[in-house]
Amino acid sequence: MVFGTGSSSTKSTKGVEEVGGNLSVLIVDDDPIILRIHRMMLNKFGLVTHVVENGKEAVDLFRSGSCFDMVLMDMEMPIMDGPKATQELRAMGVNSMIVGVTSRGLESEKQSFMGAGLNRCHEKPLTTDIVTSLVQELIKHY
Amino acid sequence: MDVVSQLQRQFLDFTTSLYREGFLDDQFVQLQKLQDESNPEFVIEVVSLFFEDSEKLLNNLSTALQQHIVDYKQVDALVHQFKGSSSSIGAQRVKNVCVSFRNYCEEKNVEGCFRCLQQVKHEYHLVKSRLDALFKLEQQILAAGGSVPMIA
């Protein structure tokens with residue numbers, strides 16, 4: 001339950017829907033509760049999940065050569081926030097699906113986060129229906 | 001009625017009352033649906049994280065509001081965090097107080113903020129004691145050889 005400064009990964013072999021191939025998701029969030037919930041949801045779909053606690057760790061992972069099919073990016077984080085990390089990833093040429101998650105409901109803030117280079121943006125916590133649609137989009141396009 | 005059925009009935013009645021009285025909302029149901037045999041303690045783990053997080057947040061809020069010059073941005077950030085975490089586990093009444101709390105932060109209304117702090121502490125302790133009781137009932141059902149009923 002304690003997530004250190006490095007990333008960690010788990011895979012569930014009992015997904016609700018087993019997806020073809022080992023699709024991987026990087027969860028970027030400083031909230032341990034959200035991390036636990038989102039990780040559980042994604043594992044149920046048979047996705048391999050890795051977690052980091054801020055945008056800089058996400059950027060460093062990609063820079064070191066790691067690759068993920070999808071990134072779940074929290075908006076507000078210490079050290080480097082979601083919009084900044086998203087901009088940096090896109091500037092690096094990262095084409096992965098990046099989904100923003102925000103606890104703020106303001107449309108203007110969502111639009112601003114989208115403008116940083118997201119594919120989609122949702123309020124947290126994500127629901128099972130939203131995760132289903134994200135996984136379906138991931139399979140179709142990536 | 002045997003012991004297991006009695007406990008299960010108690011569990012269902014208690015759970016229904018928690019939703020009816022607004023202590024929990026649908027998000028808690030979502031968490032329960034995620035729990036399975038390979039993660040049988042998932043809900044307790046997440047709720048325990050919430051309890052740990054909340055104790056720290058409440059201490060930090062008390063400290064922040066006792067400052068000679070209150071930093072409302074800091075208070076707002078803490079309340080925002082509390083709103084997020086309570087919302088994540090479905091602690092509806094705690095979340096609702098956080099919404100009012102943030103409005104008082106925006107108005108820089110120190111008395112309003114203090115009232116909300118007392119209210120949010122109160123609601124947090126209410127939901128904590130109810131969740132502790134719920135988990136205790138679950139353990140009793142399992143110890144008696146029964147299974148924990150799910151509210152659909």
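Predicted model only: the values in this text are computed from it and were never measured.
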**Fill in**
Residue from A/Ile37, A/Thr127, A/Thr128 scoring the most non-hydrogen pairs under 4.5 Å with chain B is A/Ile37
**Prompt:** So which residues of residues 85-108 of chain B are in contact with chain A at a heavy-atom cut-off of under 4.5 Å?
**Reply:** B/Ser85, B/Ser87, B/Ser88, B/Ile89, B/Arg102
**Under 4.5 Å from any heavy atom of chain A - which part of B/Gln81** = neither
**Prompt:** Picking from B/Val47, B/Leu31, B/Asp53, B/Leu34, which has the most non-hydrogen pairs under 4.5 angstrom with chain A?
**Reply:** B/Leu34
**Request:** For the pair B/Asp132 and B/Lys136, find out whether any cationic side-chain nitrogen is under 4.0 Å from an anionic carboxylate oxygen.
**Result:** no
**Request:** Look only at the side chain of A/Ser112 and the backbone of A/Ser108, and say whether a donor-acceptor pair between them is shorter than 3.5 Å.
**Result:** no
**Prompt:** Please walk me through it: do A/Lys110 and A/Glu123 pass salt bridge (Lys or Arg N to Asp or Glu O under 4.0 Å)?
**Reply:** CA-CA 9 Å; A/Lys110 271 195 210 165; A/Glu123 265 185 68; 3.8 Å; yes
**Prompt:** Applying ring pair (Phe, Tyr, Trp, His ring centres under 6.0 Å), which residue pairs with at least one partner in residues 51-94 of chain A are found, sequence neighbours left out?
**Reply:** A/His50-A/Phe68, A/Phe62-A/Phe68
**Asked** Are B/Phe135 and B/Leu49 joined in one hydrophobic group, where the rule is that I, L, V, M, F, W and Y side chains link up if heavy atoms are under 4.5 Å apart?
**Response** yes
**Message:** We want to know whether B/Asn59 and B/Glu55 form a side-chain donor-acceptor pair, criterion being a heavy-atom distance below 3.5 angstrom.
**Reply:** no
**Message:** If only side-chain N and O atoms count, and only distance matters, is there a donor-acceptor pair under 3.5 Å linking B/Asp36 with B/Ser38?
**Reply:** yes
